[in-house]
Amino acid sequence: MPEHSIADVAIVGAGPAGLCLAVELAALGLSVSVVDRAPYNALAAPGDDGREIALTHTSRRQLAWAGIWQRIDTQSVAPIREARLYNGEAPQGMTLAGSERSASQTIGQLVPNRVIRRAAFEAALADSHITLITGKGVSALETTSGSRTLRLDDGSRLSARLVVAADGRLSATRRMAGLPAHLEDTGRKVLVCRMAHERPHGAMTWSWFGYERALALLPLNDQSSSVVMTLTPAEAERLEVLDDDAFSAAVSGFYRHCLGDMQRVGELHGYPLWVGYAQRLAAERLALIGDAAIGLHPATAHGFNVGLASVHRLVREISQAHRRGQDIGSSTLLSAYERTHLRATRPLWLASQAVVSLYGDQSPPARFVRQAALGLARQVGPLRWGLEHYLLRDAR
């Protein structure tokens with residue numbers, strides 16, 4: 001890499017959001033440089049991290065438009081046709097997109113995170129407008145006339161009319177830009193792994209909001225599912241040291257043997273659970289996207305989709321300015337993006353925080369409110385329709 005290089009847009013973070021943005025901007029004829037401290041091989045062939053991404057139909061179409069979806073093997077894609085939510089030990093749950101939908105309709109699809117990451121990297125690598133700078137981090141963010149300059153940790157510099165931070169919910173670039181964010185260490189740990197089971201899942205997801213743990217079961221191919229367990233650190237540590245049989249028996253019990261006995265068939269992965277919401281999404285010639293803008297609790301199942309929505313909104317603003325010959329890093333453009341994305345995501349952020357807070361409260365009043373909320377949503381047509389419309393509107 002030259003000691004000082006120049007691009008129209010510099011993106012920090014080569015995750016799916018950053019790479020999708022790079023591909024969409026390159027399609028406009030803009031030169032894009034993507035910087036990531038991970039080595040090239042780790043980005044080109046990402047390892048299995050146990051995570052399954054629930055894609056809405058809108059997100060799938062966006063990945064297809066960017067040329068990313070076409071690089072995904074359809075054998076790795078699992079359909080979702082129904083979703084059920086339960087409150088603690090209550091036997092009755094709420095069904096989203098249930099029997100009123102035909103068997104051929106889906107509300108989304110599950111794709112392994114590593115598969116999306118690899119496809120996004122391949123799409124970026126194939127585009128001559130995109131330069132990938134791997135194995136280097138950003139040590140400083142400088143402001144110059146008409147541009148922002150990234151100083152990399154090897155001493156080289158990269159200047160661009162616009163810098164985009166796509167480096168995760170603990171974004172170092174966001175901190176360098178002085179953009180405030182609400183960050184919360186939830187004190188929980190997420191464990192994920194694949195499990196085989198006796199009975200078919202029917203392409204249905206289950207979510208249990210328990211008093212001490214939150215559980216999700218995501219349907220995969222070959223009569224297997226991904227289990228996602230949000231636990232206290234002590235309970236997570238207890239499970240992590242069990243042998244395969246003991247672990248499988250414990251998890252089968254957690255999931256009420258809803259699919260019969262389950263057996264672990266993949267590696268167990270654990271992650272500390274942080275959530276975050278940036279109070280501002282733009283600074284001088286800089287914007288936040290993806291988890292750097294909003295990092296939702298996994299209970300929402302919409303973190304990846306919200307990240308792609310931020311890409312869509314920023315590209316829309318840049319495309320209009322570029323077509324008119326205007327400055328793609330102007331404060332007017334970035335303010336419009338910030339206003340639109342904050343307005344769209346703040347209700348979801350507040351709702352997710354309220355739900356997580358409510359389900360973390362074991363007091364009798366909180367248990368009553370939880371059960372009443374699910375019962376009301378299940379019985380009152382307009383309220384249930386409203387929830388389904390928000391979650392499933394892209395499938396209609």
Side-chain angles (χ1 to χ4, degrees), residues 47-54 76 78-96 108-115 186-274 297-301 303-304 355-356 359-360 362 367 370 374:
D48 184 9
D49 61 5
R51 304 185 198 200
E52 306 291 332
I53 303 300
S76 65
I80 306 173
R81 293 193 172 88
E82 189 172 311
R84 289 184 182 175
L85 285 69
Y86 291 89
N87 173 38
E89 299 299 321
Q92 296 296 320
M94 181 176 66
T95 299
L96 303 180
Q109 46 276 137
L110 287 160
V111 186
N113 185 49
R114 71 180 187 281
V115 171
T186 66
R188 293 292 190 267
K189 188 172 184 178
V190 179
L191 295 185
V192 295
C193 71
R194 291 190 173 202
M195 307 284 288
H197 37 75
E198 292 181 304
R199 295 196 291 270
H201 48 54
M204 180 190 304
T205 69
W206 281 269
S207 296
W208 285 270
F209 294 98
Y211 307 130
E212 296 180 354
R213 63 179 76 97
L215 306 171
L217 190 148
L218 309 177
L220 305 177
N221 296 321
D222 302 324
Q223 200 156 309
S224 65
S225 296
S226 171
V227 296
V228 183
M229 302 175 287
T230 304
L231 310 167
T232 64
E235 187 167 41
E237 182 178 352
R238 180 180 69 81
L239 287 177
E240 287 174 311
V241 299
L242 296 178
D243 61 34
D244 284 355
D245 289 341
F247 176 89
S248 298
V251 173
S252 296
F254 285 174
Y255 286 82
R256 307 181 192 176
H257 297 272
C258 64
L259 297 176
D261 289 337
M262 297 193 290
Q263 185 67 39
R264 193 172 95 187
V265 294
E267 184 180 352
L268 180 65
H269 302 267
Y271 305 95
L273 179 55
W274 284 78
H297 193 285
T300 68
F304 188 88
V355 168
V356 171
Y359 277 89
Q362 300 185 46
R367 294 187 184 202
R370 284 195 296 267
L374 274 183

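Because the structure is a prediction, the values reported are computed rather than measured.
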Please report the C-alpha distance between Leu220 and Glu52 in whole Å, then the side-chain angles of each, then the deciding distance to 0.1 Å, and finally whether the side-chain contact (heavy atoms from CB on, under 4.5 Å) criterion is met. CA-CA 9 Å; Leu220 305 177; Glu52 306 291 332; 3.7 Å; yes
Trace of the side-chain contact (heavy atoms from CB on, under 4.5 Å) decision for Ser252 with His257: CA-CA 5 Å; Ser252 296; His257 297 272; 3.7 Å; yes
Would Leu217 and Met262 satisfy side-chain contact (heavy atoms from CB on, under 4.5 Å), going step by step from the backbone distance to the final call? CA-CA 12 Å; Leu217 190 148; Met262 297 193 290; 4.2 Å; yes
Step by step, work out the side-chain contact (heavy atoms from CB on, under 4.5 Å) result for Gln109 and Ile53. CA-CA 8 Å; Gln109 46 276 137; Ile53 303 300; over 6 Å; no
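Between Cys258 and Met204, the closest side-chain pair of non-hydrogen atoms is not below 4.5 Å. For the pair Phe247 and Met195, the minimum side-chain heavy-atom distance is below 4.5 Å. The side-chain heavy atoms of Asp261 and Ser248, taken from C-beta on, include no pair separated by under 4.5 Å. Between Leu259 and Ser225, the closest side-chain pair of non-hydrogen atoms falls below 4.5 Å. A heavy-atom distance below 4.5 Å is not found between the side chains of Val227 and Leu215. Side chains of Thr232 and Arg188 form a contact here, defined as non-hydrogen atoms less than 4.5 Å apart. A heavy-atom distance below 4.5 Å is not found between the side chains of Asp48 and Glu267.
Under the rule for a ring pair (Phe, Tyr, Trp, His ring centres under 6.0 Å), the partners of Tyr255 that lie at least two apart in sequence or sit in another chain are Trp208.
In plain terms, the two heavy atoms of Ala236 and Leu231 that are nearest each other are CA-CD1, 4.0 Å. Taking each heavy atom of Leu191 and Gly270 in turn, the nearest pair found is CD2-CA, 3.7 Å. Across every non-hydrogen atom of Pro219 and Leu110, the tightest pair is O-CD1, 3.1 Å. Taking every heavy atom of both residues into account, His269 and Asp49 meet most closely at CG-O, 3.3 Å. Across Gly187 and Pro233, no two heavy atoms sit closer than the pair O-CD, 3.1 Å. Heavy atoms only, all atoms of each residue included: Ser76 and Asn221 are closest at C-ND2, 4.3 Å.
Classification of Glu237 and Lys189 as a salt-bridged pair fails, no side-chain N sitting under 4.0 Å from a carboxylate O.
A donor-acceptor distance shorter than 3.5 angstrom exists from the side chain of Thr186 to the backbone of Leu273, with no hydrogens or angles considered. Listed for the Gln223 side chain is no donor-acceptor partner under 3.5 Å among the backbone atoms of Ala196.
With rounding to the nearest 0.5 angstrom, the CZ atom of Arg213 is 11.0 Å from the OG1 atom of Thr230. Here Glu82 contributes atom CD and His201 contributes atom NE2; the two are 13.0 Å apart, rounded to the nearest 0.5 Å. To the nearest 0.5 Å, atoms CZ (Phe254) and CE (Met229) are separated by 7.0 Å.
A cation-pi contact, defined as under 6.0 Å to the ring centre and within 45° of the axis, is absent between Arg51 and Phe304.
Within a 6.0 Å sphere centred on CG of Asp222, heavy atoms belonging to other residues, nucleotides or ligands number 12 at most.
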